[in-house]
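Below is one structure, written out as structure tokens, with a few remarks after it.
Since we're looking at a predicted model, the values are computed, not measured.
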Amino acid sequence: GESVGLHLPTLSVQEGDNSIINCAYSNSASDYFIWYKQESGKGPQFIIDIRSNMDKRQGQRVTVLLNKTVKHLSLQIAATQPGDSAVYFCAETYQGAQKLVFGQGTRLTINP
Amino acid sequence: NAGVTQTPKFQVLKTGQSMTLQCAQDMNHEYMSWYRQDPGMGLRLIHYSVGAGITDQGEVPNGYNVSRSTTEDFPLRLLSAAPSQTSVYFCASSYLRTGQWETQYFGPGTRLLVL
């Protein structure tokens with residue numbers, strides 16, 4: 001079946017820099033996309049979401065960009081902090097099923 | 001609100017034993033689901049429910065049963081545990097707003113080891 005994948009399994013950034021985490025999806029029928037943050041030993045935590053009728057959505061220090069033409073999703077974290085260290089997952093679904101398909105995840109490490 | 005709660009936090013089983021993983025939510029969410037997460041991987045959907053009395057299979061349903069007798073609870077049953085079911089199990093819930101499902105909120109997980 002179709003699934004969501006990530007370009008990079010690990011990402012290291014300097015504290016204070018901006019981070020960009022990428023995600024590719026293959027199901028053209030997907031219309032809802034979510035970014036989750038997962039810290040060690042915890043469940044996934046919602047960060048931000050975007051529906052297919054939008055290209056960009058901003059939250060507090062985070063921005064999600066959706067490029068439907070190339071089926072690409074990205075998460076931008078501004079002014080990265082030590083607390084941002086975690087594994088980040090993108091997930092996709094379509095409204096008819098509400099079955100989330102997760103990518104493998106990207107581990108974000110913050111260097112002091 | 002406690003959100004999504006799961007019990008137990010950790011469980012060790014022997015091959016062939018049965019057990020039930022509990023999941024409860026106090027947000028009156030219609031949708032509930034179970035995922036498993038294997039090391040270094042994303043979550044995979046096992047079963048889900050869009051309301052009391054309604055359940056359906058996800059991506060990896062074999063070896064698991066579910067039922068939804070109330071809105072609040074969605075237990076996951078392993079009838080005969082196998083080592084391949086060693087994993088971390090997450091329960092999640094969601095709700096409808098203006099005809100669209102909102103994001104799923106996850107519980108803290110149950111770590112299961114099958115020997």
Check: residues 12-21 of chain A side-chain donor-acceptor pairs under 3.5 Å, at least two apart:
unit_1: A/Gln14; atom_1: NE2; unit_2: A/Pro112; atom_2: O; d: 3.3
unit_1: A/Asn18; atom_1: OD1; unit_2: A/Ala79; atom_2: N; d: 3.0
unit_1: A/Ser19; atom_1: OG; unit_2: A/Thr80; atom_2: OG1; d: 2.8

Quiz item: Which pairs count as ring-ring contact (aromatic ring centres under 6.0 Å, His included) when at least one residue sits in residues 41-60 of chain A, sequence neighbours excluded?
Solution: none
Quiz item: Quick one: what part of A/Ile34 sits under 4.5 Å from any heavy atom of chain B, side chain, backbone, both or neither?
Solution: side chain
Quiz prompt | Residue among B/Arg77, B/Arg36, B/His47 satisfying side-chain hydrogen bond (donor to acceptor under 3.5 Å, both in side chains) with B/Tyr64 | solution = B/Arg36
Quiz item: Non-hydrogen atoms of chain A under 4.5 Å away: do they reach the side chain of B/Ser33, the backbone, both or neither?
Solution: neither
Self-check item: For chain B, the option from A/Leu100, A/Val87, A/Asp49 that forms the most heavy-atom pairs under 4.5 Å
Solution: A/Leu100
Quiz item: Are side-chain N/O atoms of B/Gln104 and B/Tyr48 paired as donor and acceptor at under 3.5 Å?
Solution: no
Quiz prompt | Under 4.5 Å from a heavy atom of chain B, the part of A/Gln45 involved | solution = neither
